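Note sheet for the following structure.
Every value quoted in this text rests on a predicted model; they were computed, and no experiment measured them.
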Amino acid sequence: MAATLLDGIRIANEIKNEVAEEAGRLSETGLRPGLAAVLVGSNPASEIYVRSKVQTCQALGLYSEKITPPEFSTTAELLELVHDLNARDEIDGILVQLPLPPQVDSKKVLLAVLPEKDVDGFHPMNVGFLSTQRPGLVPCTPAGIMEMLRRSNIPLQGADAVVVGRSDIVGKPMAMLLTNANATVTICHSKTRDLPGVCHRADILVAAMGRTGFVTRAFVKPGATVIDVGMNKITTREEFDKYFKGNEKREQAFAKNGYTLIGDVHPEVAEVAGALTPVPGGVGPLTIAMLMANTLKAAKLRRGARFQSPAMAERG
Ligand code: NAP
């Protein structure tokens with residue numbers, strides 16, 4: 001039986017509607033959550049991401065600002081910019097779009113963002129809050145996956161979860177969130193022995209490796225929930241035929257755009273998984289929805305006791 005497809009677009013819309021509603025309520029009290037997006041230089045992919053983030057803010061009633069320092073900016077100049085944004089009260093979230101140009105010390109710049117404005121959840125302080133289960137800002141992609149699992153009623157308590165990939169922005173926080181939700185979690189990476197065997201034990205398998213169609217049916221226990229985080233482009237006919245031969249819809253998109261997106265999970269997994277996120281239309285849309293949710297959360301956590309949850313007020 002074919003896997004149920006977990007519709008990321010629908011769930012992302014649900015989240016965005018909730019954010020818009022709450023932002024509307026807050027605006028009646030004079031609070032408008034604000035996001036500053038810093039885009040250095042002119043990387044075409046980054047420009048598209050930032051544009052879409054700013055437009056989503058506008059659509060949901062959040063304040064947003066796009067700041068575009070030149071390509072040749074130095075680390076010191078970007079640090080000064082971040083410090084200015086840290087000091088501005090109407091800015092609740094600061095997003096520094098990656099990658100930064102090679103002359104910039106990215107780690108230093110990211111570390112300069114105040115933890116309470118770190119809507120990407122990358123700051124070590126937020127990493128610490130996550131691992132000690134304190135309120136803080138959680139990286140958007142894994143936070144979105146948790147929302148998807150929760151809203152799709154996928155049981156987590158006691159489930160065997162396997163996360164393939166251990167990056168700071170996806171794999172590690174994903175594993176931590178699943179652990180916090182009482183799953184039994186295994187983290188895999190490029191040195192893992194018998195990867196298919198380890199993955200085959202999973203009730204929930206998260207593939208976040210950036211390897212086209214790597215996870216085949218041999219990796220997947222029948223009925224498992226498979227979350228495909230990978231975003232890879234197929235641009236050649238040979239590769240297209242390997243994965244999508246005879247798929248009319250894909251064929252049309254490929255002809256029109258000259259490429260099609262594929263995840264880390266092979267399409268054949270749909271025949272064995274119980275539930276599966278499609279690519280595109282799965283995890284991707286959730287990432288931006290959670291950025292909006294994080295901006296709202298940052299505004300509530302940071303501004304005034306009347307917006308604070310009791311736990312956050314305790315933390316001061
Ligand atoms: P990353 O920093 O490159 O990390 C990849 C991880 O996968 C590493 O831990 C690596 O292991 C592991 N890995 C690579 N090849 C492997 C193999 N053959 N077997 C086992 N493990 C392997 O990537 P990332 O930033 O986490 O992103 C992962 C994917 O998710 C990419 O395709 C990216 O485009 C996509 N992504 C999508 C979204 C979204 O919104 N949908 C958001 C973020 C990322 P080692 O640590 O041993 O090298």
Hey, is the main chain of Gly263 close enough, under 3.5 Å, to the side chain of Asn232 for a donor-acceptor pair?
-> yes
May I have the step-by-step check of side chain to side chain contact (heavy atoms under 4.5 Å, CB included) for Val283 and Thr141, ending in yes or no?
-> CA-CA 7 Å; Val283 173; Thr141 301; 3.7 Å; yes
Can a salt bridge be assigned to the pair Arg237 and Glu251 using a cut-off of 4.0 Å between side-chain N and carboxylate O?
-> yes
Assess the side chains of Glu47 and Tyr49: does a donor N or O sit below 3.5 Å from an acceptor N or O?
-> no
Do Cys199 and Leu195 come within less than 4.5 Å of each other through their side chains, counting heavy atoms only?
-> yes
What is the distance from atom CE of Met125 to atom CG of Leu130, rounded to the nearest 0.5 Å?
-> 14.5 Å
Checking Thr295 side chain against Leu291 main chain: does a donor-acceptor pair fall under 3.5 Å?
-> yes
Check whether any side-chain heavy atom of Ile11 lies under 4.5 Å from a side-chain heavy atom of Ser152, and answer yes or no.
-> yes
Can you find a pair of side-chain heavy atoms, one from Gln58 and one from Tyr63, that are under 4.5 Å apart?
-> no
For the student: nearest non-hydrogen atoms of Ile204 and Ala159, plus distance | CD1-CB, 4.1 Å
Any side-chain heavy-atom pair from Val206 and Val164 closer than 4.5 angstrom?
-> no
Leu286 versus Gly144, closest heavy-atom pair with distance = CD1-O, 3.5 Å
Measure the spacing between CD1 of Ile94 and CZ of Arg88 and express it to the nearest 0.5 Å.
-> 9.0 Å
Can we say Arg302 and Asp89 salt-bridge, meaning some charged N sits less than 4.0 Å from an Asp/Glu carboxylate O?
-> yes
Is atom NZ of Lys242 surrounded by more than 12 heavy atoms (other residues, nucleotides or ligands) closer than 6.0 Å?
-> no
Answer yes or no: is there a donor N or O on one side and an acceptor on the other, between the side chain of Thr277 and the main chain of Asp228, under 3.5 Å?
-> yes
Please say whether more than 12 non-hydrogen atoms of neighbouring residues, nucleotides or ligands are located less than 6.0 Å from CD in Glu80.
-> no
Flag, side chain of Asp203 to backbone of Thr225, donor-acceptor distance under 3.5 Å = no
Between Phe129 and Arg134, is there a cation-pi geometry (under 6.0 Å to ring centre, at most 45° from the normal)?
-> no
Kindly indicate whether the side chain of Ile91, heavy atoms from C-beta on, has any atom under 4.5 Å from the side chain of Glu65.
-> yes
Over all heavy atoms of both residues, which pair between Glu77 and Thr74 is shortest? Give the atoms and the distance, please.
-> OE1-N, 2.9 Å
Measure the spacing between SG of Cys140 and CD1 of Ile145 and express it to the nearest 0.5 Å.
-> 11.5 Å
Nearest heavy-atom contact between Val215 and Ala207 is CG2-CB, 4.0 Å
Flag yes if more than 12 heavy atoms outside Arg193 fall under 6.0 Å of its CZ atom; otherwise flag no.
-> no
Side chains of Ile9 and Pro280 in contact at under 4.5 Å (non-hydrogen atoms) | no
Would you say Glu268's side chain and Arg217's backbone share a donor-acceptor pair under 3.5 angstrom?
-> yes
Return yes if some donor-acceptor pair links the side-chain N/O of Thr184 with the main-chain N/O of Asp160 below 3.5 Å, else return no.
-> no
Short question: side chain of Asp264, backbone of Met209 - any donor-acceptor pair under 3.5 Å?
-> yes
Would you find a donor on one side and an acceptor on the other, under 3.5 Å apart, between the side chain of Lys53 and the backbone of Leu35?
-> no
Ring pair (Phe, Tyr, Trp, His ring centres under 6.0 Å) between His266 and Phe214, worked out = CA-CA 6 Å; His266 195 292; Phe214 193 94; over 10 Å; no
Check the pair Val185, Val163 against side chain to side chain contact (heavy atoms under 4.5 Å, CB included), reporting the backbone distance first and the verdict last.
-> CA-CA 7 Å; Val185 182; Val163 179; 4.3 Å; yes
Look only at the side chain of Asp92 and the backbone of Ala298, and say whether a donor-acceptor pair between them is shorter than 3.5 Å.
-> no
Within a strict 4.5 Å, meaning less than it, do heavy atoms of the Ile234 and Tyr259 side chains meet?
-> no
Minimum heavy-atom distance between Leu276 and Ala3, given as atom pair plus value = CB-CB, 4.0 Å
Say you draw a straight line from CG of Asn247 to CG of Asp241; how long is it, rounded to the nearest 0.5 Å?
-> 11.5 Å
If every non-hydrogen atom of Ala143 is compared with every non-hydrogen atom of Leu177, which pair is closest and at what distance?
-> N-CD1, 3.9 Å
Which distance, rounded to the nearest 0.5 Å, do you find between the CZ of Arg150 and the CG of Leu156?
-> 10.5 Å
Does Ser73 reach the main-chain N or O of Pro70 with its side chain, forming a donor-acceptor pair under 3.5 Å?
-> yes
Begin from the C-alpha positions of Asp168 and Phe122 and carry the test side chain to side chain contact (heavy atoms under 4.5 Å, CB included) through to its verdict.
-> CA-CA 8 Å; Asp168 291 342; Phe122 296 163; over 6 Å; no
Enter the distance from Leu296:CG to Lys300:NZ here, rounded to the nearest 0.5 Å.
-> 5.0 Å
If you count the non-hydrogen atoms of other residues, nucleotides and ligands that lie under 6.0 Å from CD in Gln103, is the total more than 12?
-> yes
Side-chain H-bond candidate by donor/acceptor type, Ser27 with Arg32, under 3.5 Å = no
Is the distance between the ring centroids of His200 and Phe219 less than 6.0 Å?
-> no
For side chain to side chain contact (heavy atoms under 4.5 Å, CB included), just list the numbers for Met146 and Met174, CA-CA rounded to whole Å, side-chain angles, deciding distance to a tenth of an Å, and then say yes or no.
-> CA-CA 8 Å; Met146 292 306 285; Met174 186 75 247; 3.6 Å; yes
Taking Val96 as the fixed residue, which of Asp120, Leu110, Asp118 is the one that meets the side-chain contact (heavy atoms from CB on, under 4.5 Å) rule?
-> Leu110
